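From a predicted model like this one, the values you see are computed outputs, not experimental measurements. Lettering follows sequence order; numbering is per chain, from 1.
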Amino acid sequence: MTATTTAPVAAPSVDTQKRQPSGRIRAWATRAPLLPALIFMIAVTQLPFVATLVISFFDWNSLYPDARSFTGFGNYTEVLTDAALRKSVWVTILLTVSVVLASLVLGLGLALLLDRKFRGRGLVRTLLIAPFLVVPVAAALLWKHVLYNPEYGLLNGLLHYVGGPQPDWISNTPLLAIEASLVWQWTPFMMLILLAGLQSRDHQQIEAARVDGASNWQVFRYLTLPHLRRYLELGALLGSIYIVQNFDAVFTITSGGLGTANLPYTVYQTFYQAHENGLASAAGVLVVIGSIIIATFALRVVSSLFREEVSRA
Amino acid sequence: MTATAVQARPSTKSADPGPRRPKGRGLGLVAWLAGIVFFLPIAWMALTSFHSESDAATNPPSFAAPLTLDGYREFFGTGGGASPWPSLINSTVASLASTLLVLILALPAAYALSIRPVKKWTDVLFFFLSTKMLPVVAGLLPIYLFAKNTGMLDNIWLLVILYTSMNLPIAVWMMQSFLSEVPVAIIEAAQIDGAKLPTILTRVVAPIALPGIAATSLICFIFSWNELLFARVLTGVVAETAPVFLTGFITSQGLFLAKVCAASLVVSLPVLAAGFAAQDKLVQGLSLGAVK
């Protein structure tokens with residue numbers, strides 16, 4: 001028994017063999033501080049997911065606990081053929097892509113503005129960060145009641161002064177209403193990351209290009225933008241992780257109505273209101289599969305950033 | 001490549017710095033305008049919270065209406081209605097306790113990953129990050145069923161554990177990047193002097209990495225304070241958090257506009273204050289230390 005446990009440890013390098021047994025003890029001493037966090041994460045995040053996976057193969061409505069039965073992939077076929085659920089997949093993609101792109105573009109514009117020196121720059125920066133620091137539910141309430149309300153909301157109030165129309169924003173363009181509130185919240189985040197990127201540019205290089213007669217656009221296109229690429233990727237990645245999972249805005253502004261239910265909201269509704277445990281789990285597993293696809297791409301981006309940092313050190 | 005692009009242009013623009021100045025000022029004005037537009041909803045929310053309900057619900061908006069504290073009196077329950085205090089206290093307890101637990105777990109882990117690299121340490125780091133990409137909804141149902149069967153439903157400590165798992169990956173990543181800046185020589189010197197891990201962490205590493213640890217704590221606190229989905233599903237009457245209390249306003253109509261504004265502002269205040277105080281650290285932390 002000892003032989004089998006030693007073999008894989010000693011095999012990779014001759015180095016550890018020489019220092020045994022103290023080498024192995026030291027190896028464990030090195031790993032030990034890592035273990036509590038690792039065990040905690042596995043217990044709290046991986047175990048429930050395994051349970052979700054198991055439940056997804058059962059036909060199980062919590063209102064009829066005795067009628068629980070194994071259905072194999074039954075829940076999955078039901079989820080995939082359900083028109084409402086397929087729609088929520090589409091809504092999730094649309095919501096994530098549009099919000100991430102819009103906030104990246106706006107954030108880039110604002111970061112470029114703030115990169116220049118002007119009077120009161122610190123104060124403007126603080127004003128611009130504020131939307132990101134409002135509690136998400138509070139921000140959603142603000143947009144729903146204070147801005148969008150057709151009768152006394154600020155948007156229609158301002159339109160009134162110019163004699164414009166008085167639309168019912170949430171009823172007319174529900175998804176756009178949610179997207180606008182999310183873009184408002186996430187633009188500051190993108191701006192902050194891109195501003196950090198702009199300020200880490202090599203200014204000597206830019207000066208040199210200017211002396212050579214490069215125009216503002218040429219400096220931006222051939223120096224700034226390539227340098228910002230990693231920061232844009234990082235912003236898009238982190239933004240997607242959070243916006244794919246968005247629940248607060250959808251729940252608060254439309255309660256998933258008017259065709260705005262995204263996947264997290266649909267899963268929540270399927271088990272919390274419809275009590276369909278098996279169906280909700282299958283939908284949850286599909287969300288995970290989608291996320292894994294994004295994540296494999298995303299992790300590659302992060303690891304390239306990360307390698308760069310290690311090589312710099 | 002850059003050189004050719006640059007040389008293609010004749011250098012007639014050398015006298016540029018002078019005429020460019022007014023254009024710079026114009027862009028400064030554009031920045032100011034953008035700042036005001038983005039802040040306007042918050043400013044309007046603050047103003048409305050100090051209006052009476054009837055002044056709040058007018059079209060066109062009344063900018064010069066008299067100010068009153070009625071919205072805040074209503075929100076804090078002194079004008080009738082449920083008091084938000086239990087939910088504010090629950091949020092404070094859950095956020096602070098989980099932040100503390102995150103620090104206790106993440107500090108040694110980040111230490112192992114940055115100062116004494118474990119074999120395959122990047123794999124371990126990526127495992128932590130990958131849990132962040134596991135959507136919350138993927139584990140919500142089993143956690144709900146578990147809580148229901150063990151009587152943990154509507155219990156603030158269940159939220160503490162879940163918030164810890166939510167923030168631990170970010171904290172390990174952030175602190176790993178902050179701790180990497182601690183010179184290894186100092187730690188080795190302490191080890192030669194016979195210092196054990198807890199002493200090294202508290203006496204040597206913590207003081208140097210303190211700003212980073214503070215930033216990490218701040219971000220964990222903010223995320224816990226903001227969280228809605230777990231709290232909404234797993235708490236009810238006793239353990240209700242501030243965001244769940246806010247969801248009570250989802251269907252409220254114009255009669256309570258000042259109250260909604262006061263509530264949103266009060267609940268956001270800790271996050272706004274903390275975020276303004278640590279703007280730079282916030283970026284560094286939110287980008288997992290990748291942006292310095």
Side-chain angles (χ1 to χ4, degrees), chain A residues 30-31 33-34 36-37 40-41 44-45 48-49 51-52 110 113-114 116 118 124 127-131 133-138 141-142 145-147 151-152 154 157 160 192-193 196 209 212-214 218 222 234 241 245 247-248 252 264 267 271-272 277 280-281 284 287-288 291 295 299 305, chain B residues 2 5-6 9 11 13 27-28 30-32 34-35 38-39 41-42 44-45 48 57-61 105-106 108-109 111-112 116 118 126 131 133-139 141-143 165 168 226 228-229 233 243 246 249-250 254 257 260 264 267-268 271-272 275-276 279 283 287 290-291:
Chain A
T30 314
R31 286 187 202 117
L34 194 62
F40 183 91
M41 280 316 288
V44 182
T45 67
F49 176 63
T52 303
L110 293 175
L113 283 175
L114 281 201
R116 315 169 65 93
F118 61 89
V124 171
L127 291 179
L128 280 169
I129 293 168
L133 298 174
V134 174
V135 171
V137 188
L141 282 174
L142 166 68
H145 292 305
V146 184
L147 300 183
E151 283 154 41
Y152 38 78
L154 182 64
H160 180 95
L192 288 174
I193 287 188
D212 285 345
Q218 283 172 326
Y222 296 106
L234 185 73
I241 292 178
Q245 299 193 39
F247 174 76
D248 306 32
T252 305
V267 174
F271 100 84
Y272 203 67
N277 290 351
S281 298
V287 179
V288 173
S291 301
L299 281 175
L305 261 172
Chain B
T2 338
V6 168
R9 237 185 137 81
S11 54
K13 283 203 150 192
L27 286 171
V30 175
W32 265 102
F38 267 78
F39 193 72
I42 297 171
W44 183 245
M45 173 168 74
T48 305
T58 55
N59 186 8
L105 290 168
Y111 176 78
R116 295 187 297 180
V118 181
F126 280 121
T131 62
M133 293 172 186
L134 194 72
V136 170
V137 287
L141 174 68
I143 291 169
S165 79
L168 191 55
N226 284 354
L228 174 67
L229 185 52
V233 170
L246 280 184
F249 293 107
I250 286 178
L257 209 58
V260 170
S264 302
V267 173
S268 300
V271 178
L272 277 166
F276 284 146
Q279 296 179 12
V283 195
S287 52
V291 173

(request) Specify which of A:Leu154, A:Ile129, A:Leu147 makes the most heavy-atom pairs with chain B at under 4.5 Å. (result) A:Leu154
(request) Could you pull out all residues at least two apart from B:Ala109 that satisfy side-chain contact (heavy atoms from CB on, under 4.5 Å)? (result) A:Leu34, A:Ala37, B:Val172
(request) Identify which of A:Val267, A:Ile241, A:Leu142 forms the greatest number of heavy-atom pairs closer than 4.5 Å to chain B. (result) A:Leu142
(request) Quick one: pull up CZ in A:Phe247 and CG in B:Leu229 and give me the separation to the nearest 0.5 Å. (result) 5.0 Å
(request) Give, as side chain, backbone, both or neither, the part of A:Phe49 having an atom under 4.5 angstrom from any heavy atom of chain B. (result) both
(request) First locate atom CG of B:Leu246, then atom OG of B:Ser264, and finally report the distance between them rounded to the nearest 0.5 Å. (result) 5.5 Å
(message) Test side-chain contact (heavy atoms from CB on, under 4.5 Å) on A:Val124 and A:Phe118; report intermediate values, then the result.
(response) CA-CA 10 Å; A:Val124 171; A:Phe118 61 89; 3.8 Å; yes
(request) Using a cut-off of under 4.5 Å on heavy-atom pairs, state which of A:Leu110, A:Val287, A:Leu141 scores highest against chain B. (result) A:Leu141
(message) At a 4.5 Å cut-off on heavy atoms, which part of A:Glu151 comes close to chain B: side chain, backbone, both, or neither?
(response) backbone
(request) For A:Pro48, check side-chain contact (heavy atoms from CB on, under 4.5 Å) against everything at least two apart and list the hits. (result) B:Pro142, B:Ile143
(message) I need the residue from A:Ala280, A:Pro36, A:Pro136, A:Ser281 with the largest number of non-hydrogen atom pairs under 4.5 Å to chain B.
(response) A:Pro136
(message) With a 4.5 angstrom heavy-atom cut-off, is it the side chain or the backbone of B:Trp44 that approaches chain A, or both, or neither?
(response) side chain
(request) Please check if the side chain of A:Thr52 supplies one atom and the backbone of B:Ala138 the other of a donor-acceptor pair under 3.5 Å. (result) yes
